[in-house]
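Computed from a predicted structure; not experimentally measured.
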Amino acid sequence: MTQLPTPISKVSFASLTHRGQYTDNYPLGIAMVAAYVKQHFGKSIEVEIYKHPDEFAFDLDTFIPPVVCFSTYVWNLEISYEFARRIKRQSPQTVIIFGGPNFPLFSNEQKRFLADLPVVDFFVFREGEYALSILLEFLFEFDLNVEKLKRADVDLKNTYYLRDNHLLQGSTLPPITNLENLPSPYLTGISDKLLDDEKITPLIQIARGCPFKCSFCQEGEEYFNKVRRFSLNRLIEELRYIAIRTRSPVLQLADSNFGMYKADLVICEHIAKIQKEFGWPKYVA
């Protein structure tokens with residue numbers, strides 16, 4: 001049974017990048033997680049997604065939410081942690097959750113990694129939609145009391161944390177097989193503000209996973225070796241939704257192996273149709 005927060009809680013999701021002359025990719029990973037969390041908890045929570053540090057800082061000056069989730073990569077770990085550190089300094093009770101691929105695979109390195117980031121309460125590794133929802137259910141059940149939850153010995157799936165300098169981890173959830181169970185962060189409308197930002201390039205994912213085992217890549221791990229695809233109808237709906245709303249001329253594709261499968265040619269044909277109808281995208285990356 002889903003544990004609902006009372007009263008309504010706000011959960012902020014941040015996938016930050018340093019500002020510069022270049023455009024930023026739409027934060028698809030954390031937006032997918034935010035969309036699922038919003039669907040899971042419904043009207044009992046509010047979600048907000050951030051990409052630009054200045055906008056995030058401005059809103060934090062007004063209100064620091066009870067839960068802040070960061071999607072971290074090798075290029076944004078430092079800026080994410082600096083925000084997390086300042087949030088904890090101003091609001092020690094705020095729960096800080098990190099996630100993303102920038103996490104070691106071996107327990108001794110995982111422990112050292114978390115010890116070096118002491119304000120991070122939990123790290124959600126691998127696919128985050130189901131895992132973060134489970135973590136939030138327990139957090140709400142324990143009234144957002146991090147220490148109380150950590151000592152309850154519950155199974156926080158896909159989640160790693162330190163307790164008394166010991167590394168604890170929940171059991172590993174299997175990869176999500178039916179991607180249609182995941183709501184679209186575009187079609188649900190939670191990304192409209194981001195689409196209206198000309199500095200943010202829309203990003204779509206046609207399939208998750210990769211059959212290859214390249215050692216330099218996160219998806220080279222066995223966990224990701226089964227390829228799963230989103231439905232064609234969903235992808236067409238997303239592309240049309242984006243075409244109407246985006247201010248960027250570019251479409252980015254996030255797949256590891258786009259063009260390797262015959263089904264990708266069908267996607268290309270639909271992109272061409274949308275291009276004729278809307279004049280978008282002008283470029284595909």
Side-chain angles (χ1 to χ4, degrees), residues 15 17 22-36 49 51 71-76 99-102 126-129 174-188 191 194-195 197-285:
S15 183
T17 52
Y22 303 106
T23 58
D24 295 322
N25 288 337
Y26 169 81
L28 180 62
I30 204 166
M32 288 288 299
V33 176
Y36 185 82
I49 305 170
K51 183 70 175 178
S71 183
T72 58
Y73 303 85
V74 66
W75 58 81
N76 77 343
N102 191 39
R126 299 187 175 90
E127 290 181 310
E129 289 91 352
I176 299 169
T177 54
N178 186 359
L179 299 183
E180 294 306 294
N181 290 334
L182 306 178
S184 166
Y186 291 113
L187 301 178
T188 54
S191 300
L194 296 170
L195 288 175
D197 187 334
E198 62 183 6
K199 282 287 189 179
I200 294 182
T201 300
L203 183 69
I204 66 166
Q205 186 177 45
I206 295 164
R208 283 188 181 181
C210 175
F212 304 114
K213 296 183 180 293
C214 303
S215 59
F216 60 82
C217 179
Q218 180 201 217
E219 291 195 342
E221 190 186 358
E222 184 178 352
Y223 182 88
F224 295 103
N225 282 160
K226 183 176 176 59
V227 178
R228 301 144 288 150
R229 299 181 70 89
F230 291 95
S231 72
L232 178 61
N233 287 339
R234 172 192 172 121
L235 293 168
I236 294 171
E237 283 188 62
E238 286 188 328
L239 287 166
R240 293 181 64 85
Y241 191 96
I242 295 167
I244 294 170
R245 293 165 176 81
T246 184
R247 297 177 63 195
S248 169
V250 182
L251 169 65
Q252 291 263 7
L253 303 177
D255 292 47
S256 297
N257 300 291
F258 181 76
M260 191 172 76
Y261 301 97
K262 290 182 179 179
D264 294 336
L265 181 59
V266 179
I267 295 294
C268 290
E269 292 170 347
H270 282 283
I271 292 175
K273 291 178 183 177
I274 289 169
Q275 191 177 46
K276 287 181 180 179
E277 182 177 355
F278 296 100
W280 179 92
K282 297 187 181 298
Y283 312 97
V284 177

### Task
Walk me through it: do R234 and E237 pass the test side-chain contact (heavy atoms from CB on, under 4.5 Å)?
CA-CA 5 Å; R234 172 192 172 121; E237 283 188 62; 5.6 Å; no
### Message
Quick check: do F258 and C268 have side-chain heavy atoms less than 4.5 Å from each other?
### Response
yes
#### Entry: Atom OH of Y283: over 12 foreign heavy atoms under 6.0 Å
no
### Task
Flag the pair W280 / F278 as yes when their ring centroid distance falls below 6.0 Å, and as no otherwise.
no
### Summary
For L235 and F230 the tightest heavy-atom approach is CD1-O, 4.0 Å
### Message
Tell me the closest heavy-atom pair linking K282 and Q275, and the distance in Å.
### Response
CA-NE2, 4.3 Å
### Task
List the atom of R228, the atom of P175, and the distance in Å for their closest heavy-atom pair.
NH1-CB, 3.7 Å
### Message
If you define the side chain from C-beta out and look only at heavy atoms, does anything of L232 sit under 4.5 Å from I267?
### Response
yes
#### Entry: N25 backbone acceptor or donor facing K51 side chain under 3.5 Å
yes
### Summary
Rounding to 0.5 Å, atoms CG (D197) and CG (D24) come to a distance of 8.0 Å
### Message
By the definition side chain to side chain donor-acceptor pair (under 3.5 Å), identify the one residue from Q218, E219, Q205 that meets it with S256.
### Response
E219
### Query
Just wondering, more than 12 heavy atoms not from K226 lying within 6.0 Å of its NZ?
no
### Summary
Shortest non-hydrogen pair, A207 vs R229, comes out as CB-CG, 3.8 Å
### Task
Please test R245 against Y186 for side-chain contact (heavy atoms from CB on, under 4.5 Å), starting from the C-alpha separation and ending with a verdict.
CA-CA 10 Å; R245 293 165 176 81; Y186 291 113; over 6 Å; no
### Summary
Taken to the nearest 0.5 Å, the spacing of I206 CD1 from N257 CG works out to 11.5 Å
### Task
Indicate the atoms forming the closest heavy-atom contact of A35 with T188, along with that distance.
CB-OG1, 4.4 Å
### Message
Under a plain distance cut-off of 3.5 Å, with no hydrogens placed, do E238 and S184 share a side-chain donor-acceptor pair?
### Response
yes
### Query
Of the non-hydrogen atoms in T201 and Q252, which two are nearest, and what is the gap between them?
CG2-CG, 3.3 Å
### Task
For the pair I242 and Y26, evaluate side-chain contact (heavy atoms from CB on, under 4.5 Å) and give the outcome as yes or no after the intermediate values.
CA-CA 11 Å; I242 295 167; Y26 169 81; over 6 Å; no
### Side-chain heavy-atom pair P27, L194 within 4.5 angstrom cut-off
yes
### Task
Kindly indicate whether the side chain of L182, heavy atoms from C-beta on, has any atom under 4.5 Å from the side chain of R208.
yes
### Message
Main chain of E180, side chain of N178: is a donor-acceptor contact present, judged purely on distance under 3.5 Å?
### Response
yes
### Task
Hey, could you give me the CG/CD1 distance between L253 and I271, rounded to the nearest 0.5 Å?
5.5 Å
### Message
Any heavy-atom pair between the side chains of S248 and I200 that's under 4.5 Å?
### Response
no
### Minimum side-chain heavy-atom gap Y36-E127 below 4.5 Å
no
### Message
Can you tell me how far apart CG (L179) and OG1 (T177) are? Round to the nearest 0.5 Å.
### Response
8.0 Å
### Query
With a 4.5 Å heavy-atom cut-off, do N102 and N76 have their side chains touching?
no
### Summary
CD1 of I274 to CZ of R240, rounded to nearest 0.5 Å, is 6.0 Å
### Task
Using a cut-off of 6.0 Å, state whether more than 12 heavy atoms not belonging to E277 lie near its atom CD.
yes
